[in-house]
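Letters go in sequence order (proteins before strands), and every chain restarts at 1.
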Amino acid sequence: MQYQIVIAGFGGQGVVFLVKVLAICAGNRNIAFLGTENHGMSQRGGSVSCDIKIGDFTNPVIDKNQADLMVALEQNEGLRNLPFLKLDGTLVTNAKDKDKYPKLPFKGFAKIDAFKKAENGEFPIQGLNVYMLGFALINDETFPFSVQEVKDAITQMNAKVAEQNIIILDQAMKDAQEIK
Amino acid sequence: MKQTLMGNDAIAWGLIHANVDMVSGYPGTPSSEILTEVQKIRNRLNLDVYAEWGTNEKVGFEVAYAGAIAGKRTCATMKQVGLNVASDPLMSASYIGNLGGFLLIAADDPGFHSSQTEQDSRVFAKFARIPVLDPATPQDAYDLTKYGVELSEEFQIPVMLRPVMRVCHAREIIEMDAETNFLPNKGEFQRNVPRWGAVPRKDRFPQGKEQLKRMDTIAQYNWDNLLKPEFDKCKGSKTLIIAGGTGYGFALETLRDLNLEADVVKVLMPYPLPTELMREKFKAYDKVLVVEEPYPCIEEQIAAPNVYGKNTNSIHKIDEMSKEELLKAFQTIGLYEGENIYATPPSLDFEVEPRPPALCPGCPHRDVYYAITKVFKKKKAIYPSDIGCYTLALAQGAIDSILCMGASISMASGFSISDPDKTVVATIGDGTFFHSGIPPLLNAIYQDHKFILVILDNSTTAMTGRQTTAAREKKSIDIKKIVEGMGVDCMEHQYSYEMQDNVDFFRKVKDVHKTATGPTVVVVREFCILDRERAPEFVPGIFAKVDAELCVACDQCTTIYKCPPMSYNYDGVIEIDPFLCAGCGGCLDVVCPTDAFVQDEDYLKRGN
């Protein structure tokens with residue numbers, strides 16, 4: 001298997017957390033992977049994009065026109081990173097309903113106004129990263145890991161908050177099914 | 001044993017598995033997690049390991065290096081610009097050497113992600129005449145850490161490990177030792193004045209000759225153990241790629257993506273190289289392409305008529321490695337004639353507003369800089385500053401110059417002499433003040449340089465991940481006392497979320513400065529909003545919202561105050577993003593000329 005995923009967002013949104021979860025998923029199945037993370041300067045609210053390449057790879061960076069999936073935790077950060085996504089890849093993005101979102105040529109595309117849902121109290125904003133991962137699980141038909149594998153990885157990541165994270169993941173998947 | 005690790009964590013494990021029991025250094029992205037991870041492993045396994053931050057890289061280097069002279073296996077960690085600070089001891093250490101293994105880790109940052117320069121530490125190793133190891137992946141980083149410590153002990157000379165950011169912050173499954181049988185060397189200093197006393201010239205000259213001989217020996221060692229096995233694997237293609245560090249992984253993937261054939265030789269030790277043995281091998285190839293980053297370190301050593309690289313303009317010379325740049329290099333040397341598969345389709349080239357890093361919502365630095373620019377008007381002031389989170393106050397127009405750690409103070413001296421009509425207001429953080437701010441302040445005091453120095457004391461090295469500072473660890477160390485000990489007063493101010501307090505304080509500073517004959521030194525006691533230990537006692541939990549009727553879209557808050565939750569909405573009125581507001585209350589007073597920021601009483605009730 002070879003599957004390249006870009007996670008785009010800004011500092012404080014928990015982008016690195018998602019890379020770690022996907023890394024654990026791959027590790028649990030003993031599939032090789034290489035990921036690269038943003039630390040330091042970029043934490044201060046600036047753009048953050050992390051890559052994870054699952055399968056047989058020798059460098060951790062995803063080049064332009066190569067990613068199979070991009071999960072964007074904020075719409076502009078998604079748009080900024082579009083060049084990395086293959087045309088037959090899938091874009092899953094958090095995007096405001098009231099903004100006009102451009103028409104994009106990707107094979108797979110799904111968007112949701114996750115900020116509004118958090119504002120309405122449907123899930124806590126700290127769980128936005130997990131919410132968008134759940135949304136991606138339903139909308140990316142070629143996602144390399146099962147729901148159970150993702151839940152196991154979330155539990156391994158941090159058992160203390162796993163229960164709440166899994167509730168958010170389930171909620172996101174339910175919301176995604178309803179939109180679909 | 002298999003374990004999923006980030007590169008820096010892998011290096012930390014490598015150190016423990018190499019029986020290194022003294023680690024010192026100074027934080028700096030992308031190197032910082034190495035020492036912190038050693039501390040975590042030490043605590044978890046209850047090992048007797050010294051792993052502490054030095055006050056700067058030079059201090060960190062020297063502490064660890066002395067340990068290796070005394071026979072222990074030791075390590076100093078830093079980022080590439082930190083090595084500039086530690087370069088003085090390095091140059092001498094490479095003559096004198098060590099008894100126990102001494103690994104110097106200098107993490108490079110090709111692409112300037114978190115650094116002011118893109119300098120190549122491998123070139124520094126070559127300059128100092130010490131061997132350098134260049135890992136391509138976290139696995140390499142683990143293996144080469146152990147290898148480097150052994151190599152250092154065998155040849156009694158410092159060895160450098162040079163991981164780049166894409167190794168430090170890469171994550172993969174590592175195969176590492178299953179058992180940790182930690183058996184550090186015993187430290188026992190042996191007097192040997194001719195060796196350990198670096199004075200000219202009698203004993204230095206023979207050490208210099210030994211140094212040259214040693215590099216020849218290690219170059220041969222490099223061939224026998226690392227390079228020859230790589231050349232033996234070659235299949236006789238027309239093109240040879242000499243790949244250093246991450247260049248190896250990028251080259252393999254690009255060749256595969258483009259269905260190209262070439263022999264690839266991985267260079268794990270880019271200096272010293274057995275140059276003649278390598279050139280002999282090049283004769284079998286039409287072309288040899290060197291892939292390395294960021295400087296042409298390998299290329300310059302092995303230059304030959306059929307060797308291509310940065311110096312022949314065949315591959316990019318600046319910025320980090322990418323497969324697109326490699327594809328272009330393959331086109332340039334005639335290996336590839338197809339299309340650019342890494343190009344952005346034109347339909348996807350969106351103009352998106354940049355989102356640069358900013359001071360966190362609720363960060364006291366923002367308010368202090370706001371007050372400084374309010375009291376010391378831009379037209380009549382010069383604002384030299386320094387390296388740390390507060391550098392981000394550039395966005396507030398509150399900083400005029402940044403050079404390197406500690407330079408704010410010495411440059412304030414220079415500006416005060418060269419442009420005496422302006423008020424020079426320098427800013428420096430507590431960590432940077434301890435790192436290299438004390439000598440320039442002493443200089444300014446004894447020479448009566450008239451400027452204002454504001455020391456922003458948040459009691460942590462915030463930018464690199466909130467490592468502890470000297471004063472945080474030991475309460476008896478106090479900036480105010482240090483300044484007073486140098487013979488001048490130190491004005492003290494506790495940061496207040498009520499902006500008027502901060503403005504009033506700087507008005508007082510201005511008055512004192514008027515009649516001063518030397519530097520006016522100020523310490524502002526702050527906190528870091530991300531500091532879970534200290535922040536809660538300071539943050540008032542006063543959340544803000546905008547009274548849309550009062551906002552006149554004057555841009556004051558978006559240009560001078562610059563708090564991330566504030567932005568214009570569709571109606572052209574400022575809005576506060578409730579998810580980002582930290583509840584510091586800093587904007588309620590003074591910041592808005594029409595007082596449009598008001599307390600959001602319902603904030604907590606809305607379930608935030």
Does B:I387 offer a backbone N or O that forms a donor-acceptor pair with the side chain of B:Y390 under 3.5 Å? yes
Worksheet item: Can you say whether the rings of A:F123 and A:Y131 are parallel (under 30°), tilted (30 to 60°) or perpendicular (over 60°)?
Response: parallel
(request) Could you tell me whether the side chains of A:Q171 and A:D175 share a donor-acceptor contact shorter than 3.5 Å? (result) yes
- Item | Donor-acceptor pair, side chain of B:D9 and main chain of B:L5, under 3.5 angstrom | no
Of A:K86, A:Q126, A:K20, the largest count of non-hydrogen pairs under 4.5 angstrom with chain B goes to A:K20
| request: Tell me, with the steps shown, if A:S49 and A:D51 meet side-chain hydrogen bond (donor to acceptor under 3.5 Å, both in side chains). | output: CA-CA 7 Å; A:S49 77; A:D51 300 345; 4.8 Å; no
inquiry  = I'd like to know if A:D113 pairs up with A:K98 as an ion pair, taking the criterion as any Lys NZ or Arg NE/NH1/NH2 lying under 4.0 Å from an Asp or Glu carboxylate oxygen.
reply    = no
When the 4.5 angstrom heavy-atom criterion is applied to B:C363 and chain A, the contacting part is neither
Whatever's closer than 4.5 Å to a heavy atom in chain B on A:L104 counts as side chain
So, the part of B:P345 with a heavy atom under 4.5 Å from chain A: the answer is side chain
Among A:I125, A:V16, A:T58, the residue with the most heavy-atom pairs under 4.5 Å to chain B is A:T58
So, the part of B:A251 with a heavy atom under 4.5 Å from chain A: the answer is neither
When the 4.5 angstrom heavy-atom criterion is applied to B:S322 and chain A, the contacting part is both
Bottom line for A:K53: the part with an atom under 4.5 Å from chain B's heavy atoms is side chain
Salt bridge check, A:K111 against A:D99: does any charged N sit closer than 4.0 Å to a carboxylate O? no
Under 4.5 Å to a heavy atom of chain A? For B:P138 that would be side chain
d(A:N165 CG, A:L169 CG) to nearest 0.5 Å is 8.5 Å
### Query
Would you say the side-chain atoms of A:N94 pair up with the backbone N or O of A:A114, donor to acceptor, closer than 3.5 Å?
yes
Under 4.5 Å to a heavy atom of chain A? For B:D257 that would be side chain
Open item on the list: Does either side chain, that of A:T142 or that of A:Y3, offer a donor lying less than 3.5 Å from an acceptor on the other one?
Closed with: yes
When the 4.5 angstrom heavy-atom criterion is applied to B:M6 and chain A, the contacting part is side chain
Residues of residues 59-80 of chain A with a heavy atom under 4.5 Å from any heavy atom of chain B, in residue-number order, are A:N59, A:P60, A:V61, A:D63, A:K64, A:N65, A:Q66, A:E74, A:N76, A:E77, A:L79, A:R80
Distance col, row B:T254:OG1 vs B:K328:NZ, nearest 0.5 angstrom, shows 12.5 Å
Has B:R171 got its NZ or CZ under 6.0 Å from the middle of the six-membered ring of A:F33, at an angle within 45 degrees of the ring axis?
no
Whatever's closer than 4.5 Å to a heavy atom in chain A on B:F350 counts as side chain
When rounded to the nearest 0.5 Å, the distance separating OH of B:Y342 from CD of B:E325 is 12.0 Å
The interface call for A:D56 against chain B, heavy-atom contacts under 4.5 Å, is both
CD of B:E320 to CG of B:D108, rounded to nearest 0.5 Å, is 12.0 Å
Okay, A:I52 and chain B: the region with an atom under 4.5 Å from a heavy atom over there is neither
Bottom line for A:P102: the part with an atom under 4.5 Å from chain B's heavy atoms is side chain
Honestly, the part of A:F115 sitting under 4.5 Å from a heavy atom of chain B is both
Residue from B:S32, B:A170, B:P27 scoring the most non-hydrogen pairs under 4.5 Å with chain A is B:A170
ask   = Would you call B:E293-B:R166 a salt bridge at under 4.0 Å N-O?
value = no
Per-residue tally against chain A (heavy atom, under 4.5 Å) across B:E353, B:K2, B:R256, B:E324 peaks at B:R256
